[in-house]
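Shown next, in structure tokens, is the structure this report addresses.
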Amino acid sequence: MDANQRIARISAHLNPPNLDQMCEGSGLRSVGCRAKGGSSGFKVAILGAAGGIGQPLAMLMKMNPLVSVLHLYDVANAPGVTADISHMDTSAIVRGFLGQPQLEEALTGMDLVIIPAGVPRKPGMTRDDLFNINAGIVRTLSEAIAKCCPKAIVNIISNPVNSTVPIAAEVFKKAGTFDPKKLMGVTMLDVVRANTFVAEVMSLDPREVDVPVVGGHAGVTILPLLSQVKPPCSFTQKEIEYLTDRIQNGGTEVVEAKAGTGSATLSMAYAAVKFADACLRGLRGDANIVECAFVASHVTELPFFASKVRLGRCGIDEVYGLGPLNEYERMGLEKAKKELAGSIAKGVTFVKK
Ligand SMILES: NC(=O)C1=CN([C@@H]2O[C@H](COP(=O)(O)OP(=O)(O)OC[C@H]3O[C@@H](n4cnc5c(N)ncnc54)[C@H](O)[C@@H]3O)[C@@H](O)[C@H]2O)C=CC1
Ligand SMILES: O=C([O-])CC(=O)C(=O)O
């Protein structure tokens, strides 16, 4: 092969048709696809990849050796983010997809789909205030998943998670593709925060702390089980109240500090990658991968609930019960269930109506 042929071969890889289309009129040269690479691994799509969470999430997934192909989809700015990320010298092949016409191509063949698409909170808003915009976004994306990669594992980050997960489930049920083992609401940030705050109080290394956080992902539905912390810790009642309040309001703490410019993005990307990596290790067949997530559940009378789950080759292999709760946690559980019931029903009704 002479030099001209080699350059022609590389150019062909750099200009897949979808990138040409998405760069049309943008003034951007089509870039974003490596000529080679793609070690054996998993195919991952991020929907909402150009957003505050999506960008660092895309960067961290590009660094994950379990990922062979990374599809970055957004309704805006996907070409720029794709061009940028694709220059990282890690093995995953990166492709970008812009706008609804390219959604199906973005999803076809994916093993894992991560969804951080949708609007974030501003100070004074609850996560439920995002429902009107984000419910429709998650419904549309879920319809495309049901059509193009019905067997993929789906990680939903878009808020309100307590409603968006039931929305995705209803869409999949309608399409006849619902598999409760494959749909997970990402509550990992609650665990990450809980580990950090407990470590601060107990003067421990946060990497050694493991706090189960169950229930859901909004206010009182976020229920840290401080009686089950590893390593075993003995807290005063004052510490329990401080920690529970800080963990439940960690998102609001960031929203207020960002003062109208958004909510947690960097810690969320970190948490999303931690969870996605656990899903991929499960898919690979690693043993004993246990994380908390908001999933279809029989742990309580509610159809969805966050608790520890064991991840395996088919998604969720086992949903664990709550274990022994103390009186404070039992009271918290009742409050959490009351609010969760309404949020779940709101999501289900949105799709059924
Ligand atoms: N589960 C959790 O623990 C957390 C969830 N979140 C939620 O994640 C979501 C995203 O937050 P940010 O990244 O900060 O917001 P952002 O506004 O920075 O980014 C959202 C991205 O979604 C894209 N988007 C909008 N409609 C879309 C559609 N139909 N299809 C594909 N992409 C679409 C936008 O173009 C944008 O790039 C919010 O709903 C936020 O509340 C945020 C932090 C933690
Ligand atoms: O608080 C928000 O709106 C974003 C979020 O879910 C979190 O940071 O936990």
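The model shown is predicted, which means the values in this text are computed figures rather than measured ones. Whatever order the structure lists ligands and atoms in, that order sets their numbers, starting from 1.
- At least one N/O-N/O distance between R127 and ligand 2 falls below 3.5 Å.
- By the 4.0 Å heavy-atom criterion, L189 is counted among the residues contacting ligand 2.
- Under a 3.5 Å cut-off, the side chain of Q102 and the backbone N or O of L98 do form a donor-acceptor pair.
- Counting Ile, Leu, Val, Met, Phe, Trp and Tyr side chains that sit under 4.5 Å apart, directly or through other members, V213 shares a hydrophobic cluster with V191, F197, V198, V201, M202, L204, V209, V211, I222, L226, V229, F235, I240, Y242, L243, I247, Y328.
- Near G251, the atoms of ligand 2 lying under 4.0 angstrom from a non-hydrogen atom of the residue are 1 (O), 7 (C), 8 (O), 9 (O).
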Check residues 345-353 and write down every donor-acceptor pair under 3.5 Å in which the side-chain atom is one partner and the other belongs to a residue at least two apart or another chain.
| from | atom 1 | to | atom 2 | distance (Å) |
| --- | --- | --- | --- | --- |
| K346 | NZ | D128 | OD1 | 3.0 |
| K346 | NZ | D128 | OD2 | 2.9 |
| T349 | OG1 | A345 | O | 2.7 |

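- Ion pairing of K181 with D179 is absent here, as no side-chain N (NZ or NE/NH1/NH2) approaches a carboxylate O to less than 4.0 Å.
- A ring-centre distance under 6.0 Å is found for H71 and F97.
- Only the side chain of N159 comes within 4.0 Å of ligand 2, counting heavy atoms alone; its backbone N, CA, C and O stay farther away.
- At the top of the distance list for atom 8 (O) of ligand 2, counting protein heavy atoms only, stands R193 NH2, 2.7 Å.
- Side-chain contact between E105 and Y73 is absent, with no heavy atoms from C-beta onward closer than 4.5 Å.
- For atom 1 (O) of ligand 2, the nearest protein heavy atom (residue, atom name, distance) is R121 NH2, 2.6 Å.
- Within the 4.0 Å heavy-atom cutoff, M125 does not count among the residues contacting ligand 2.
- In this structure, H217 counts as a contact residue of ligand 2, since one of its heavy atoms falls inside 4.0 Å of the ligand.
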Set out, in order, the CA-CA distance, both residues' side-chain angles and the distance that settles side-chain contact (heavy atoms from CB on, under 4.5 Å) for V154 and I115, then state yes or no. CA-CA 8 Å; V154 179; I115 311 184; 4.0 Å; yes
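- Every residue meeting the side chain to side chain contact (heavy atoms under 4.5 Å, CB included) condition with V255, not counting sequence neighbours, appears here in chain and number order: R121, P123, S263.
- Ligand-side atoms of ligand 2 in range of A264: 8 (O), range being under 4.0 angstrom from any heavy atom.
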Mind listing the N or O contacts between ligand 1 and protein, cut-off under 3.5 Å?
| from | atom 1 | to | atom 2 | distance (Å) |
| --- | --- | --- | --- | --- |
| ligand 1 | 1 (N) | I157 | O | 3.1 |
| ligand 1 | 1 (N) | V186 | O | 3.2 |
| ligand 1 | 3 (O) | H217 | NE2 | 3.0 |
| ligand 1 | 6 (N) | N159 | ND2 | 3.3 |
| ligand 1 | 13 (O) | G52 | N | 3.3 |
| ligand 1 | 13 (O) | I53 | N | 2.9 |
| ligand 1 | 18 (O) | G52 | N | 2.7 |
| ligand 1 | 22 (O) | G118 | N | 3.3 |
| ligand 1 | 35 (O) | D74 | OD1 | 2.6 |
| ligand 1 | 37 (O) | G51 | N | 3.2 |
| ligand 1 | 37 (O) | D74 | OD1 | 3.4 |
| ligand 1 | 37 (O) | D74 | OD2 | 2.8 |
| ligand 1 | 39 (O) | V119 | O | 2.9 |
| ligand 1 | 39 (O) | N134 | ND2 | 3.1 |
| ligand 1 | 39 (O) | N159 | N | 3.2 |
| ligand 1 | 41 (O) | N159 | ND2 | 2.9 |

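- Listed for the T177 side chain is no donor-acceptor partner under 3.5 Å among the backbone atoms of P150.
- Salt bridge annotation for E170-K173: present, with a cationic side-chain nitrogen under 4.0 angstrom from a carboxylate oxygen.
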